[in-house]
Amino acid sequence: MNKLTITRPDDWHLHLRDNEFLTQTVPASARYFGRAIIMPNLVPPVTTMDDAIAYQKRIVQATPASSRFEPLMTLYLTDNTTPDDIQNAVDSKVVVACKLYPAGATTNSDSGVTDINRIKPTLEKMAELGLPLLIHGEVTTDDIDIFDREKIFIETTLEPLVNSIPSLKIVLEHITTKQAVEFVTQAPSRVAATITPHHLAYNRNHMLVGGIRPHFYCLPILKRNEHQAALQQAATSGNPKFFLGTDSAPHAQDKKETACGCAGCYSAFAAIELYAETFEALDALDKLEGFASHFGPDFYGLPRNEDTITLVKSEWQAPESLEFGDTQVIPLRAGTTLNWKVA
Ligand SMILES: NC(=O)N[C@@H](CC(=O)O)C(=O)O
Ligand SMILES: [Zn+2]
Ligand SMILES: [Zn+2]
């Protein structure tokens, strides 16, 4: 196949950062995505409806006039988020989900939730109002190995949560393990998962064999190849519980290439092209449209996009680096040849 036309895709997990960075990050995603769920882990985080409205305005200001890209906003849950905050968020019509970061799990998660039981009434309010809970699913205690943190989170926190609040919609974000695939597959239909382009294309060997490659370091961390294979199977299965979320998370080059580097891969410059490459390698290009363009809006109860994009088989070079504020970011696949291009 040399050409593929699909309903315009959306990104159900995206970090745009803020202020001077928006002039680069927003056009990159707006080139081909219709909508994106905007992660709230700014410094300070987006914890109130007013924060979300102001942040959305800054994103809209950075959106090219030619694009109808729509940022869908999220609230960052803390131990202090109240049921009233949830009611206000829903009334605002701007906020479409809330994000749960276990405190300390990932970039800018220090004010995240320390114990999920502390916000039970808040989560119950979300269930009542149909507001989905998006989860960074990792435990954070020192005694748990970094490669096991997602699996243990599912056992100790997610499974009890799914059972204890019967109507809460949940997206387990950026899944990385076969245990996550198994859990989401057998869970009720109100539980879904996003899968990133990097977890589909890479495993921990890519990050660690022959030298340590900081631009593959993200959280949850890349796992063994058997987990990568489970994610590939899920993404190309046609099961509507698994849909596209890039987790594109840019950090300046000097924050990645250093003794203690930040977690996050920057993929938005070519995310749909990267997914197309993986789906083609798995002989599953016919499954791309469901994963990228249908299952996400269906889960969120939003209409599918009405227009289309066309991907053509055409070689191009991923840039070695991209502008990022007054510095630069090294994208995924920097300097290598990509096979698909949005026309
Ligand atoms: N995925 C990452 O490794 N980093 C994300 C945070 C997150 O999504 O966990 C970031 O904001 O940099
Ligand atoms: Zn995360
Ligand atoms: Zn993320």
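Sequence positions, counted from 1, serve as the residue numbers for this chain. Atoms within a ligand are numbered from 1 in the order they appear, just like the ligands themselves. Any value given below was found using the heavy atoms of this structure, including those in side chains, with hydrogens, waters and symmetry copies removed.
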To check you understand the geometry: which heavy-atom pair defines the closest contact between Met73 and Tyr55, and what is its length?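 Here Met73 and Tyr55 meet closest at CE-CD2, 3.3 Å.
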
Hey, is the Zn ion (ligand 3) within less than 2.8 Å of some N/O/S atom on His174? no

Is it the case that [X] and [Y] place a side-chain donor and acceptor less than 3.5 Å from each other?
| X | Y | answer |
| --- | --- | --- |
| Gln87 | Asp91 | yes |
| Arg204 | His227 | no |
| Thr196 | Asp247 | no |

For each nitrogen or oxygen atom of ligand 1, which protein N/O atoms lie closer than 3.5 Å, and how far apart are they, rounded to 0.1 Å?
unit_1   : atom_1 : unit_2 : atom_2 : d
ligand 1 : 1 (N)  : Leu219 : O      : 3.0
ligand 1 : 1 (N)  : Asp247 : OD2    : 2.7
ligand 1 : 3 (O)  : Leu219 : N      : 2.8
ligand 1 : 3 (O)  : Ala263 : O      : 3.3
ligand 1 : 3 (O)  : Gly264 : N      : 3.2
ligand 1 : 4 (N)  : Ala263 : O      : 3.1
ligand 1 : 8 (O)  : His15  : NE2    : 3.1
ligand 1 : 8 (O)  : Asp247 : OD1    : 3.1
ligand 1 : 9 (O)  : Thr106 : OG1    : 2.7
ligand 1 : 9 (O)  : His136 : ND1    : 3.0
ligand 1 : 11 (O) : His15  : ND1    : 3.3
ligand 1 : 11 (O) : Arg17  : NH1    : 2.9
ligand 1 : 11 (O) : Arg17  : NH2    : 3.4
ligand 1 : 11 (O) : Asn41  : ND2    : 2.8
ligand 1 : 12 (O) : Arg17  : NH2    : 2.8
ligand 1 : 12 (O) : Thr107 : OG1    : 3.2
ligand 1 : 12 (O) : His251 : NE2    : 2.8
ligand 1 : 12 (O) : Ala263 : O      : 3.1

Only N/O/S atoms count here: what is the atom of Asp247 closest to the Zn ion (ligand 3) called? OD1

Between Phe295 and Phe242, does the ring centre distance come in under 6.0 Å?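 No - the distance between ring centres of Phe295 and Phe242 does not fall below the 6.0 Å cut-off.
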
What about the rings of His136 and His174, do their centers lie closer together than 6.0 Å?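 Yes - the distance between ring centres of His136 and His174 falls below the 6.0 Å cut-off.
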
Give a yes/no answer: is there an N/O/S atom of His136 under 2.8 Å from the Zn ion (ligand 2)? yes

Angle at the Zn ion (ligand 3): provide the value between NE2 of His13 and NE2 of His15, rounding to 10 degrees.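 Reported to 10°, the angle equals 110°.
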
Measure the acute angle between the ring planes of His206 and Phe216, then classify it against the limits of 30° and 60° as parallel, tilted or perpendicular. perpendicular

For the pair Trp12 and Phe243, name the ring-plane relationship: parallel under 30°, tilted 30 to 60°, perpendicular over 60°.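 Because their plane-to-plane angle is over 60°, the rings of Trp12 and Phe243 count as perpendicular.
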
